[in-house]
Novice: 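Below you will find the structure I want to go over with you.
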Amino acid sequence: MDQRLLRRERIGRQAEIDACYRQGVRLVGKILRFHVRRSDRAFARMAISVPRRFVRKAVERNRWKRLLREAFRRNKAAIGPGLDIVAVPMRPPGDLKRADVESAMLSLLSRKP
RNA sequence: GACGGAGGUCGAGGCGAUCGCUCGUUGGAGCGGCCUUCGGGUCGCGAAGACGGGAGGAAAGUCCGGGCUCCACAGGGCAGGAUGGUUCCUAACGGGAACCCGGCGCAAGUCGAGGGAAAGUGCCACAGAGAACAUACCGCCGAUGGCUCGCCCGCGAGGGCGGGAUCAGGCAAGGGUGAAAAGGUGCGGUAAGAGCGCACCGGGCGGGCCGUGAGGCUCGCCGCAUGGUAAACCCCAUCCGGAGAAAGACCAAAUAGGUCCCGUCCCCGUGGCCGGAAGGCCGCGGCGAAGGCCGGCCCGGUCACGCGUUCCGAACAGGAACGGGGCGGGAUGGGUAGGUCGUUGGAGGCGACUCGCGAGGGUCGUCCCAGAUUGAUGAUCGCCGCCCCGCGAGGGGCACAGAACCCGGCUUACCGGCCUCCGCCGAGC
RNA sequence: GCCCCCAUCGUCUAGAGGCCUAGGACACGGGUUUUUCACAUCCGCAACACGGGUUCGAAUCCCGUUGGGGGCA
């Protein structure tokens with residue numbers, strides 16, 4: 001399985017991210033939340049937005065982005081095509097491991113496949 | 001050996017495996033533009049693969065200084081801000097080096113916004129007698145001139161001696177207050193005292209020598225009142241135009257609108273209302289230290305200017321030309337979305353030699369060392385190392401922290417490791 | 001990325017070098033009043049964000065940290 005993460009699998013425009021916030025379904029978990037919106041693309045796309053409000057230090061914000069990007073990269077087959085996802089962590093990463101983020105992501109996204 | 005001081009340096013702890021991200025070089029599957037004699041030529045983009053690079057000493061805070069870019073600018077001044085021992089380093093600095101002075105420390109060292117208070121103004125609460133042209137509460141003295149008491153001398157006027165601390169008066173040493181009390185200590189001196197006199201220290205003025213200088217040393221003179229505060233206003237000297245990569249340059253859709261050209265021949269071209277357009281002045285508001293700038297289409301008011309037909313014809317009939325509007329087509333300037341550049345090769349790193357006490361400078365050689373754009377530099381696992389907890393099996397931890405145009409500093413955060421030099425104490429030789 | 005501003009009891013605030021051991025209001029705790037509650041009244045608790053410096057003396061002046069708020073496409 002191709003586990004690479006292509007540039008086209010990121011959401012790059014502020015307008016598209018805003019569309020996910022406005023029109024997307026909100027899936028809220030303990031440590032993060034997702035805004036998911038259907039698209040007609042043949043693949044899933046993701047953007048990550050770490051609010052400074054919850055995660056103060058730049059190092060920790062980078063940590064969150066890396067963990068989420070890895071989780072998406074390894075599990076995009078399970079998530080399935082045609083989704084635009086905006087991930088928003090809601091607390092500092094602390095000692096979260098990749099497995100923790102992956103399980104949280106899959107359980108939340110399984111609610112609205 | 002113990003304690004302490006100064007400085008430098010390294011820092012995802014090391015090695016490996018698997019899965020990824022990003023940039024460059026190479027590579028060329030393919031895609032597009034232009035030209036074409038349809039064979040192709042040429043320019044640009046560019047997938048797979050290969051090779052190479054990929055966070056910091058603080059990348060941080062944004063506290064200073066520069067480069068760079070745009071705007072403004074004849075020159076000067078005002079306003080405002082910053083700095084403040086001296087000499088030097090530097091592109092520059094509020095940074096650094098060496099030195100001077102002062103405080104602290106036995107010392108190595110360390111700390112200091114360290115110009116001016118006999119230019120001016122202000123302030124110095126409380127306490128205290130008195131606080132800036134000083135003062136006299138307690139106290140000391142009462143020499144001098146009185147008063148009074150006793151004794152003595154004298155016939156007497158009066159005189160002498162001693163006492164009282166009573167009046168005039170003298171004093172500023174001691175006590176006490178305070179952050180600060182108008183030089184300090186000692187001796188002499190005196191009624192008691194006092195730079196009143198003297199010695200030393202301190203201070204002021206002048207000279208000499210040394211030093212580029214801050215300043216140091218020294219000689220002479222003056223017994224010597226000139227408090228503190230300028231991180232209070234201020235004065236002096238020096239420096240500073242404004243904004244910042246969201247700077248700025250370029251390319252540039254769709255839609256609407258501007259300008260120009262062609263066509264159509266659909267409408268209009270008398271006056272008024274309505275309307276259009278651009279300029280001056282005044283006012284209002286905002287910003288700026290000011291000059292000044294700005295006002296979304298459309299800031300308000302006012303004034304002035306100015307455009308909105310002529311010809312043929314008897315004609316307000318009809319027609320022509322010209323102008324305007326609409327419609328259709330074409331060209332084109334500006335600008336928005338979006339994109340590209342700016343953007344990493346630089347006051348650059350390393351090494352050698354060399355000048356300088358040093359900060360640093362010079363010459364030569366050598367290297368290319370992050371460039372993302374919802375923002376890369378990672379994730380997972382194994383072995384080893386170090387630290388902590390535990391008798392043990394074992395468990396936990398390995399800082400502070402993430403580039404965004406680039407440099408030079410400062411400041412702040414931080415697990416620790418390594419190196420160099422120095423002081424002091426103790427012991428041995 | 002850049003540029004501004006602010007910080008005083010639990011909350012809102014006064015303060016401009018000495019009158020500050022920091023004042024007021026609300027809140028909180030206790031008492032009085034009332035059959036009880038409320039109102040009223042008396043008493044109490046409680047703060048200068050932190051670290052240096054200037055000054056005889058700092059909430060106030062200066063420097064540096066920390067925390068919070070706002071603006072710019």
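Residue numbers begin at 1 in each chain, while the letters A, B, ... track the order of the sequences.
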Novice: Which whole-number value in Å describes the distance from K65(A) NZ to U377(B) C1'?
Specialist: 13 Å
Novice: Tabulate protein N/O versus nucleotide N/O from nucleotides 64-69 of chain C, keeping only pairs under 3.5 Å, one per line.
Specialist:
| unit_1 | atom_1 | unit_2 | atom_2 | d |
| --- | --- | --- | --- | --- |
| G68(C) | OP1 | R56(A) | NH1 | 3.4 |
| G68(C) | OP1 | R56(A) | NH2 | 3.2 |
| G68(C) | OP2 | R56(A) | NH1 | 3.2 |

Novice: Starting at the 5' end of RNA chain B and moving along, which residue's nearest nucleotide shows up first, L96(A) or A58(A)?
Specialist: L96(A)
Novice: Any strand counts, and the cut-off is 3.5 Å on both contacts for Watson-Crick or G-U wobble. Which nucleotide pairs with A370(B)?
Specialist: none
Novice: Heavy atoms from C-beta onward define the side chain here; which of A379(B), U373(B), G402(B) lies closest to that of E70(A)?
Specialist: A379(B)
Novice: Atom CH2 of W64(A) to atom P of A401(B): distance rounded to whole Å?
Specialist: 20 Å
Novice: What's the closest nucleotide to the side chain of R66(A) if the choices are A379(B), G402(B), A376(B)?
Specialist: G402(B)
Novice: Could you give the CE-to-C1' distance, from M46(A) to G375(B), as a whole number of Å?
Specialist: 14 Å
Novice: Determine the Euclidean distance between corresponding P atoms of U110(B) and C422(B); express it in Å to zero decimal places.
Specialist: 16 Å
Novice: Rounded to whole Å, how long is the line connecting atom CZ of R74(A) with atom P of G378(B)?
Specialist: 17 Å
Novice: Apply ring pair (Phe, Tyr, Trp, His ring centres under 6.0 Å) to Y21(A) and list each qualifying residue two or more places apart in sequence or on a separate chain.
Specialist: H35(A)
Novice: Checking understanding here: a glycosidic angle within 90° of 0 is syn, the rest anti, so what is G342(B)?
Specialist: anti
Novice: Which one is paired to A225(B), where only Watson-Crick or G-U wobble pairs with both distances under 3.5 angstrom count?
Specialist: none
Novice: R98(A) has a side chain; which of U373(B), A55(B), A379(B) sits nearest to it?
Specialist: A379(B)
Novice: When rounded to the nearest 0.5 angstrom, what is the spacing between CZ in F34(A) and CG in L68(A)?
Specialist: 6.5 Å
Novice: Choose from G20(B), U380(B), G402(B) the nucleotide whose nearest atom is closest to any side-chain atom of K57(A).
Specialist: G402(B)
Novice: Nearest-Å distance, CZ (F72(A)) to P (A376(B))?
Specialist: 16 Å
Novice: Out of G402(B), C19(B), G375(B), which nucleotide sits closest to the side chain of R73(A)?
Specialist: C19(B)
Novice: Provide the Watson-Crick or G-U wobble partner of G30(B), both distances under 3.5 Å; none if there is no partner.
Specialist: C45(B)
Novice: Rounded to whole Å, please give me the gap between CG in N75(A) and P in G20(B).
Specialist: 14 Å
Novice: Give one of base, sugar-phosphate or nothing for I48(A), where a contact means two heavy atoms less than 4.0 Å apart.
Specialist: nothing
Novice: When clusters are formed by joining ILVMFWY residues with side-chain heavy atoms under 4.5 Å apart, either directly or through shared neighbours, do V50(A) and I17(A) land in the same one?
Specialist: no
Novice: Taking any strand in view, what nucleotide pairs with U18(B) in a Watson-Crick or G-U wobble way, both distances under 3.5 Å?
Specialist: A379(B)
Novice: If we take the P atom in both C357(B) and C99(B), what is their distance in whole Å?
Specialist: 12 Å
Novice: Applying a 3.5 Å limit to both distances, which nucleotide forms a Watson-Crick or G-U wobble pair with U54(C)?
Specialist: none
Novice: Using the closest heavy atom to pick a nucleotide of RNA chain B for each, name whichever of L67(A) or E60(A) lands nearer the 5' end.
Specialist: L67(A)
Novice: Under 4.0 Å from OP1 or OP2 of A401(B): is there any side-chain N or O of R61(A) that close?
Specialist: no
Novice: Which residue pairs satisfy the ring pair (Phe, Tyr, Trp, His ring centres under 6.0 Å) criterion with at least one member in residues 37-65 of chain A, sequence neighbours excluded?
Specialist: none
Novice: Given the structure, check if the side chain of R63(A) and the base of G402(B) hold any donor-acceptor pair shorter than 3.5 Å.
Specialist: no
Novice: Is the backbone of V59(A) close enough, under 3.5 Å, to the side chain of N62(A) for a donor and an acceptor to pair up by distance?
Specialist: no
Novice: Measure from CD1 on I11(A) to C1' on G375(B) and round the result to the nearest Å.
Specialist: 15 Å
Novice: Identify the nucleotide, in any strand shown, that forms a Watson-Crick or G-U wobble pair with A134(B), with both distances under 3.5 Å; if there is none, say none.
Specialist: none
Novice: For a quick test of your reading: what N or O donor-acceptor pairs under 3.5 Å do the side chains of residues 23-31 of chain A make, sequence neighbours left out?
Specialist:
| unit_1 | atom_1 | unit_2 | atom_2 | d |
| --- | --- | --- | --- | --- |
| Q23(A) | OE1 | R37(A) | NE | 2.9 |

Novice: Name the pairing partner of C418(B), where a pair is Watson-Crick or G-U wobble with both distances under 3.5 Å, or state none.
Specialist: G8(B)
Novice: I'd like to know if the side chain of R69(A) reaches the main chain of I48(A), judged simply by a donor and an acceptor atom lying under 3.5 Å from each other, with no hydrogens or angles considered.
Specialist: no
Novice: Does any nucleotide pair with A199(B) by Watson-Crick or G-U wobble geometry, both distances under 3.5 Å, and what is it?
Specialist: U185(B)
Novice: Could you list the residues that satisfy salt bridge (charged side-chain N to carboxylate O under 4.0 Å, His left out) with E70(A), not counting sequence neighbours?
Specialist: R73(A)
Novice: List the atom pairs, donor and acceptor, that lie under 3.5 Å between side-chain atoms in residues 77-93 of chain A and the rest of the protein, sequence neighbours left out.
Specialist:
| unit_1 | atom_1 | unit_2 | atom_2 | d |
| --- | --- | --- | --- | --- |
| D84(A) | OD1 | R45(A) | NE | 3.2 |
| D84(A) | OD2 | R45(A) | NH2 | 3.1 |

Novice: Nearest to the side chain of N62(A), heavy atoms from C-beta on, is which of A376(B), A403(B), C381(B)?
Specialist: A376(B)
Novice: Rounding to an integer number of Å, can you tell me how far D95(A) CG sits from C398(B) C1'?
Specialist: 15 Å
